[in-house]
Amino acid sequence: MEGGIPEADVSAFRECMSLSWKNPYVLRLAFSAGMGGLLFGYDTGVISGALLYIRDDFKAVDRKTWLQEAIVSMALAGAIIGASVGGWINDRFGRKVAIILADALFLIGSLVMAAAPNPAVLILGRVFVGLGVGMASMASPLYISEASPTRVRGALVSLNGFLITGGQFLSYLINLAFTAAPGTWRWMLGVAAVPALTQIILMLLLPESPRWLFRKGREEEGKAILKKIYPPNEVQAEIDALKESIEIEIKESSTSEKTSIFKLLQTKTVRRGLYAGVGLQVFQQFVGINTVMYYSPTIVQLAGIASNRTALLLSLVISGLNAFGSILSIYFIDKTGRKKLLLMSLSGVVVSLVVLTVVFNQTTSHSPMVSAVETSHFRNSTCPDYSTAGDSARWDCMKCLKASPACGFCASGIDKLLPGACLASNGATENQCHKEHRLWYTRGCPSKFGWLALVGLALYIIFFSPGMGTVPWVVNSEIYPLRFRGICGGIASTSNWVSNLIVAQSFLSLTEAIGTAWTFMIFGFIAIAAIIFVLIFVPETKGLPMEEVEHMLEHTTLNFKFWQRSSNSKTPA
């Protein structure tokens with residue numbers, strides 16, 4: 001919120017932590033609103049594990065890649081709609097109402113998914129959950145930003161990012177807890193109703209955003225909240241700055257025509273803000289983060305890990321690293337700055353994607369051969385494509401799996417890297433393979449390089465989470481003028497979800513069409529493009545009050561010659 005620039009020698013992270021005893025009310029606001037991030041993260045993580053068991057229950061899902069992608073991506077389609085209308089709901093009815101409505105939709109969707117008798121109903125439940133997640137993805141950080149003191153605003157909005165990754169970690173724990181329970185995936189998806197109901201109760205007990213209240217003329221309510229947020233010696237200055245800001249916004253609103261996308265783009269500060277905000281949201285998805293989170297157990301299996309439970313356990317470790325990275329972000333974002341954190345994050349992402357590209361290339365090109373002797377050992381269970389192939393002597397595990405969804409690979413009982421059997425993929429054959437203490441593969445092949453893929457995934461998460469994981473949400477919560485903040489936040493969130501949908505809907509199909517290695521290489525090139533984008537289009541907003549962010553956008557140019565030392569020119573962009 002408005003106020004002076006924080007003292008340089010005061011750590012925003014320590015200041016944020018000190019709120020637990022100095023002003024717990026601010027932390028209560030942030031944690032309660034941030035539970036929207038927990039729901040966002042839980043849904044991202046839970047579907048990755050549940051999908052392994054949904055494939056076991058619904059064979060149509062197991063055999064059709066597009067159906068697996070639809071189950072994941074229909075939540076994203078719902079999120080696009082939720083984010084689109086969320087901006088209007090935030091401006092019209094308030095941030096608090098938007099968060100409660102998002103929770104109600106998430107609650108309904110969770111119950112529908114848990115009771116789904118077929119894939120169609122499951123997809124319907126995913127749409128409801130997506131509507132809630134999309135609406136909460138912009139309402140929660142916006143509420144936190146507007147109810148936070150300036151000096152800890154970045155840290156508290158990063159708290160929303162931490163709760164997103166915390167939700168992902170929680171989802172993997174719950175996935176593991178229910179692996180042996182009847183109706184495995186139904187419990188995994190249904191448990192999400194609990195945090196949704198909890199946040200509804202918490203938000204009913206909290207006030208509306210003070211900035212929104214001032215904007216709607218409810219100044220006394222807004223002042224009462226500000227007195228709880230700021231120390232007595234700072235509160236009057238904050239009230240005065242906020243009133244001045246709102247008066248300017250109302251004056252501009254009364255003299256302007258109806259807001260349209262063209263009107264937004266004609267306003268320099270909004271246009272510059274949208275360049276940075278929308279661009280960061282798009283790149284956040286196009287460097288591949290949610291393919292790792294939605295499909296991490298599947299990616300682990302592609303690296304040669306056969307067991308569902310083992311894949312989930314390893315994915316839990318990856319999710320834990322994601323949560324740890326978010327904690328680092330809370331510490332560094334107001335100390336290092338938004339832009340520098342983004343550049344360090346993306347540089348590490350490029351390196352880790354190169355590692356993943358090399359590893360998956362080696363995994364694919366060095367998979368075990370298919371042995372005719374091993375295959376014939378399983379009578380009447382041979383994969384039909386292998387039986388009719390003229391070049392079956394040259395078949396390896398990867399060719400067996402790519403030949404048809406109806407084929408699986410039963411590894412050698414002596415050493416999984418030795419030649420194995422290409423068999424028909426069904427429950428009976430899988431059980432027969434397991435009875436002989438062999439490993440059964442349908443997604444990836446046995447490999448001595450599999451552990452390197454886990455290292456690559458871990459590096460990717462460690463670098464992504466502190467920067468690209470949280471900074472785009474922080475920047476979007478503080479870079480727009482108040483009058484346009486709801487609609488601009490909606491545009492940015494919608495762009496995030498559209499990008500998320502494109503990547504999630506295409507990832508498995510891409511891995512089948514061009515291979516996992518080339519898919520990660522594409523993400524690597526996009527990450528390099530993102531570094532250039534950040535250097536040119538993203539301004540540093542560390543420690544700046546909202547009004548000074550607007551002033552900075554108005555009077556600085558885009559840094560196209562980013563390799564040269566920048567200067568604060570006043571030429572229009």
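Just so it is clear, the model here is predicted, and its values are computed rather than measured.
In this structure, W185 has its ring center closer than 6.0 angstrom to the ring center of F58. Side-chain rings of F523 and F286 stay apart, their centers remaining 6.0 Å or farther from each other.
Checking S509 against E69 by side-chain atom types alone, a donor-acceptor pair falls below 3.5 Å.
Looking only at distances, a side-chain donor or acceptor of N118 sits under 3.5 Å from a matching main-chain atom of V121. No donor-acceptor pair closer than 3.5 Å links the side chain of D43 to the backbone N or O of L39. Under the 3.5 Å distance criterion, the side-chain polar atoms of S140 are matched with a main-chain donor or acceptor of A33. A donor-acceptor pair is defined here as one N or O able to donate and one able to accept, closer than 3.5 Å; such a pair exists between the side chain of T357 and the backbone of M521. When atom types are taken as modelled, the side chain of N90 and the backbone of G86 share a donor-acceptor pair closer than 3.5 angstrom. Side-chain atoms of T388 come within 3.5 Å of backbone N or O of P384 as a donor-acceptor pair. Without hydrogens or angle criteria, Y143 side chain to S32 main chain gives no donor-acceptor distance under 3.5 Å. Remark: the backbone N or O of V61 is paired with a side-chain donor or acceptor of Q68 at under 3.5 angstrom.
For T429, the side-chain contact (heavy atoms from CB on, under 4.5 Å) test picks out S381, L423, N426, W440, with sequence neighbours left out.
Between Q281 and W473 there is a side-chain heavy-atom pair separated by less than 4.5 Å. Using a 4.5 Å heavy-atom cutoff, the side chains of V129 and L105 are not in contact. A heavy-atom distance below 4.5 Å is not found between the side chains of V351 and L459. Looking only at side-chain heavy atoms (C-beta outward), L67 and I123 come within less than 4.5 Å of each other. Taking 4.5 Å as the limit, every side-chain heavy atom of L353 sits out of range of all side-chain heavy atoms of F525. You'll find the side chain of F409 reaches within 4.5 Å of the side chain of P446, heavy atoms only. In this structure, M468 and V349 have side chains that are not in contact, with every pair of non-hydrogen atoms separated by 4.5 Å or more. Proximity of L280 to L342: side-chain heavy atoms (C-beta onward) are separated by under 4.5 Å at one or more points.
The CG atom of D57 lies 10.5 Å from the CG atom of L122; values are rounded to the nearest 0.5 Å. Atom SG of C397 is separated from atom OH of Y441 by 8.0 Å, given to the nearest 0.5 angstrom. The CG atom of L38 lies 10.0 Å from the CD atom of Q168; values are rounded to the nearest 0.5 Å. Expressed to the nearest 0.5 Å, how far CG of N500 lies from CD of Q285 amounts to 4.0 Å. In this structure, the separation between OG on S110 and CG on L197 is 11.0 Å, given to the nearest 0.5 Å. Taking OG of S495 as the start and CZ of F283 as the end, the distance is 11.5 Å to the nearest 0.5 Å.
With respect to the salt-bridge test (charged N to carboxylate O, under 4.0 angstrom), the residues R438 and E374 qualify. Salt-bridge formation is detected for the pair K399/D391: a Lys NZ or Arg NE/NH1/NH2 atom is positioned less than 4.0 Å from an Asp or Glu carboxylate oxygen.
Heavy-atom minimum distance, L321 versus I461: C-CG2, 3.7 Å. Closest approach of G408 to S425, counting heavy atoms only: N-CB, 3.9 Å. The two residues C422 and T375 have their closest heavy-atom pair at N-OG1, 3.2 Å. Nearest heavy-atom pair, N476 versus G277, reported as atom, atom and distance to 0.1 Å: ND2-O, 3.2 Å. Between R126 and I71 the shortest heavy-atom distance is NE-O, 2.8 Å. When all heavy atoms of P368 and C445 are compared, the pair lying nearest together is CD-CB, 4.4 Å.
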When you look at F93 and W88, which way does the side chain to side chain contact (heavy atoms under 4.5 Å, CB included) test go after all the steps?
-> CA-CA 8 Å; F93 300 104; W88 176 78; 3.6 Å; yes

Under the side chain to side chain contact (heavy atoms under 4.5 Å, CB included) criterion, do L346 and V534 qualify, and how do the steps go?
-> CA-CA 10 Å; L346 284 166; V534 170; 3.9 Å; yes

Might you work through the side chain to side chain contact (heavy atoms under 4.5 Å, CB included) test for F178 and V191, ending with a clear yes or no?
-> CA-CA 11 Å; F178 287 115; V191 163; 3.8 Å; yes

In sequence, state the C-alpha distance, the side-chain angles, and the governing distance for C407 and C400, and then conclude on disulfide bond (SG atoms under 2.5 Å apart).
-> CA-CA 6 Å; C407 295; C400 171; 4.9 Å; no

Please walk me through it: do L274 and I491 pass side chain to side chain contact (heavy atoms under 4.5 Å, CB included)?
-> CA-CA 8 Å; L274 284 172; I491 291 170; 4.3 Å; yes

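The number of heavy-atom neighbours closer than 6.0 Å to CZ of F378, taken from other residues, nucleotides and ligands shown, is above 12. Annotation for L204: atom CG counts as buried by contact number, over 12 foreign heavy atoms lying within 6.0 Å. When the shell of 6.0 Å around NZ of K402 is examined, it contains more than 12 heavy atoms from other residues, nucleotides or ligands.
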